[in-house]
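First up is the structure itself, then whatever we jot down about it.
It should be emphasised that the depicted structure is a prediction, and the values quoted were computed from it without experimental measurement. Order of the sequence lines sets the chain letters (A, B, ...), proteins ahead of strands, with each chain counted from 1.
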Amino acid sequence: MTCLGLVDCNNFYVSCERLFDPGLRHRPVVVLSNNDGCAVARSDEAKRLGIRMGDPWHLHRAEWQRKGVVIRSSNYALYGDLSQRVISILRRLAPSVEVYSIDEAFIDLAGLEGREEGIAREMRATILQWTGIPVSFGLAPTKTLAKVANRAAKKDAGSQGVKSLMSREKQSDALAKLEVEEVWGVATRLGRRLRALGITTAVDLREAQPDLLRREGGVVVERIGRELDGERCLMLDEGSKPARSIMASRSFGRPVTAQRELEEAVASFVSRAAEKLRRQNLAAGTVLVFVHTNPFKTTERQYSASDVVRLPVASADTSKLIHAAFCAVRRIYKQGYRYTKAGVMLDAIEPADGVQGDLWASADDWKGKTLMRTVDRLNRVWGRGTMVMAACGVNKRWAMRSEHLSPRYTTRWEELLRV
DNA sequence: TCTGGGGTCCTAGGACCC
DNA sequence: TCTGGGGTCCTAGGACCC
């Protein structure tokens with residue numbers, strides 16, 4: 001059985017702040033979001049005080065002060081830099097690494113089975129020594145189980161930051177203790193539906209029939225169930241895919257009412273998003289603008305709207321994108337409302353050289369050369385690991401169109417042709 | 001006065017084509 | 001003008017993640 005590791009930096013933003021201010025150690029620390037809006041990271045001490053993710057600062061300010069909580073505004077440049085350092089060490093130590101988020105990565109430990117715990121402990125010590133960032137390792141045969149393992153590594157002090165769920169018995173133990181909503185990919189909505197079926201713990205989800213899960217929650221939930229059962233459905237994805245959408249948005253510090261002000265904000269969002277676009281050598285085909293009033297002010301009149309403008313030709317040119325965005329603003333702006341947030345989303349993204357984003361092989365050609373050529377082109381254009389529309393598995397009724405017929409996806413044409 | 005800012009994937013369903 | 005199977009492509013919106 002092959003082994004995956006999930007490496008997760010502990011309370012990442014807080015750990016970063018502590019590196020540069022050791023006086024923060026052993027104290028309750030909270031890092032706030034942009035505009036100092038709400039808590040986005042808490043130290044263990046802060047968590048013990050009952051401070052939750054997303055707690056708004058302005059509502060808890062006095063209370064936190066009383067409890068001696070140290071507050072920090074976020075510094076994403078710093079976190080990004082430290083994240084890169086951790087990742088580069090991982091890349092040196094592991095054969096393949098998938099960066100999942102700013103503070104998490106999956107690593108492949110295939111071929112190291114039996115020694116994975118020792119190896120993880122060594123990696124952990126190295127990362128701590130070289131960067132000062134404490135990390136936790138979860139080891140398991142699938143990504144979803146590795147998530148469970150990682151959580152156990154953090155919760156269980158005796159594990160010292162490394163937890164292996166490579167054996168079925170250990171998996172059963174850990175899953176029995178886990179509420180279904182705590183499984184990666186299940187949140188309140190899906191949790192509610194699963195509970196209605198009598199599935200209340202992660203182990204229930206593992207034991208459930210895949211076709212039941214398919215019927216109730218689609219391919220996503222089926223996949224989660226199989227993954228918990230030790231079947232690998234989510235593969236390690238090393239190739240960093242080009243972005244499919246790029247967004248820039250902000251809450252305003254104070255309510256905005258004039259169209260003029262909205263336009264100014266939108267123009268700055270577009271220019272930021274366009275920069276990101278160009279840095280990745282991409283162009284956008286559509287520009288979406290959204291605005292809304294303060295949803296927390298239930299007594300005020302609410303309004304929210306969005307509008308998409310299609311460009312005749314995909315572009316990364318800031319002025320063209322701004323022009324499109326202003327058309328959208330003109331359509332959605334209404335006088336008399338107090339806007340507190342707006343944003344811009346660039347979509348229909350394609351490589352700047354003008355090659356179309358989606359590549360198709362029609363069903364007639366499934367066994368033929370066209371498919372091979374399509375996948376080939378796909379790999380050339382997008383890099384590897386990006387084809388998601390192709391499914392392998394039972395395939396009698398291709399009329400299902402975009403329904404994914406298999407819980408597994410692949411970009412390897414050998415595998416596609418085998419279907 | 002003040003409640004983040006990004007993203008991804010999947011599904012349903014409509015318009016349209018041969 | 002209608003029938004109908006088979007298929008493409010796109011969009012909106014839901015759900016989730018960090």
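Here B:dC18 sits opposite C:dG5 as a Watson-Crick or G-U wobble pair (both hydrogen-bonding atom distances under 3.5 Å).
One finds a side-chain N or O of A:K147 lying less than 4.0 angstrom from the OP1 or OP2 phosphate oxygen of C:dC18. In terms of phosphate contacts, A:K341 brings no side-chain nitrogen or oxygen within less than 4.0 Å of OP1 or OP2 of B:dT3. OP1 or OP2 of B:dG4 sits under 4.0 Å from a side-chain N or O of A:S251. Residue A:K241 places at least one side-chain N or O under 4.0 Å from the OP1 or OP2 atom of B:dC9. Within the 4.0 Å cut-off from OP1 or OP2 of C:dA15, at least one side-chain nitrogen or oxygen of A:R189 is found. Contact check, A:K297 against B:dC2: a side-chain N or O comes under 4.0 Å of OP1 or OP2. In this structure, A:R310 reaches the C:dT11 phosphate: one of its side-chain N or O atoms is under 4.0 Å from OP1 or OP2.
Regarding A:E222, its CD atom lies at a distance of 18 Å from the P atom of B:dC9, rounded to whole Å. Atom-to-atom, CG of A:N150 to C1' of C:dC17 comes out at 15 Å; the value is rounded to the nearest Å.
Of the possible donor and acceptor atoms, none in the side chain of A:N294 sits under 3.5 Å from a partner among the backbone N and O of A:R338.
Nearest nucleotide to the A:C38 side chain, out of B:dT8, B:dG4, B:dC10: B:dG4. Distance from the side chain of A:P255 is smallest to B:dT1 among B:dT1, B:dT3, B:dC9. Comparing B:dG5, C:dA15, B:dC10 by their closest approach to the side chain of A:R250 singles out B:dG5. Looking at the side chain of A:T188, the nearest of the listed nucleotides C:dC17, C:dC16, B:dG4 is C:dC16.
Between A:K147 and the choices A:E227, A:E104, A:E182, the side chain to side chain donor-acceptor pair (under 3.5 Å) rule is met once, by A:E104. For the side chain to side chain donor-acceptor pair (under 3.5 Å) with A:T293, the lone residue among A:E300, A:Q302, A:R301 that qualifies is A:Q302.
The residues A:R25 and A:D21 are annotated as not salt-bridged, no charged nitrogen and carboxylate oxygen being separated by less than 4.0 angstrom. Between A:R214 and A:D211 there is no salt bridge, since no side-chain nitrogen of the basic residue lies less than 4.0 Å from a carboxylate oxygen of the acidic one.
Across C:dC18 and B:dC2, the matching P atoms stand 30 Å from one another, rounded to whole Å.
A:I246 comes within contact range of the sugar-phosphate backbone alone, with a heavy-atom separation under 4.0 Å but no base atom that close.
Along DNA chain B, the nucleotide closest to A:R338 and the one closest to A:M345 are compared, and the more 5′ of them pairs with A:R338. In terms of position along DNA chain B, the nucleotide closest to A:T340 lies nearer the 5' end than the nucleotide closest to the other residue of the pair A:T340 and A:N34.
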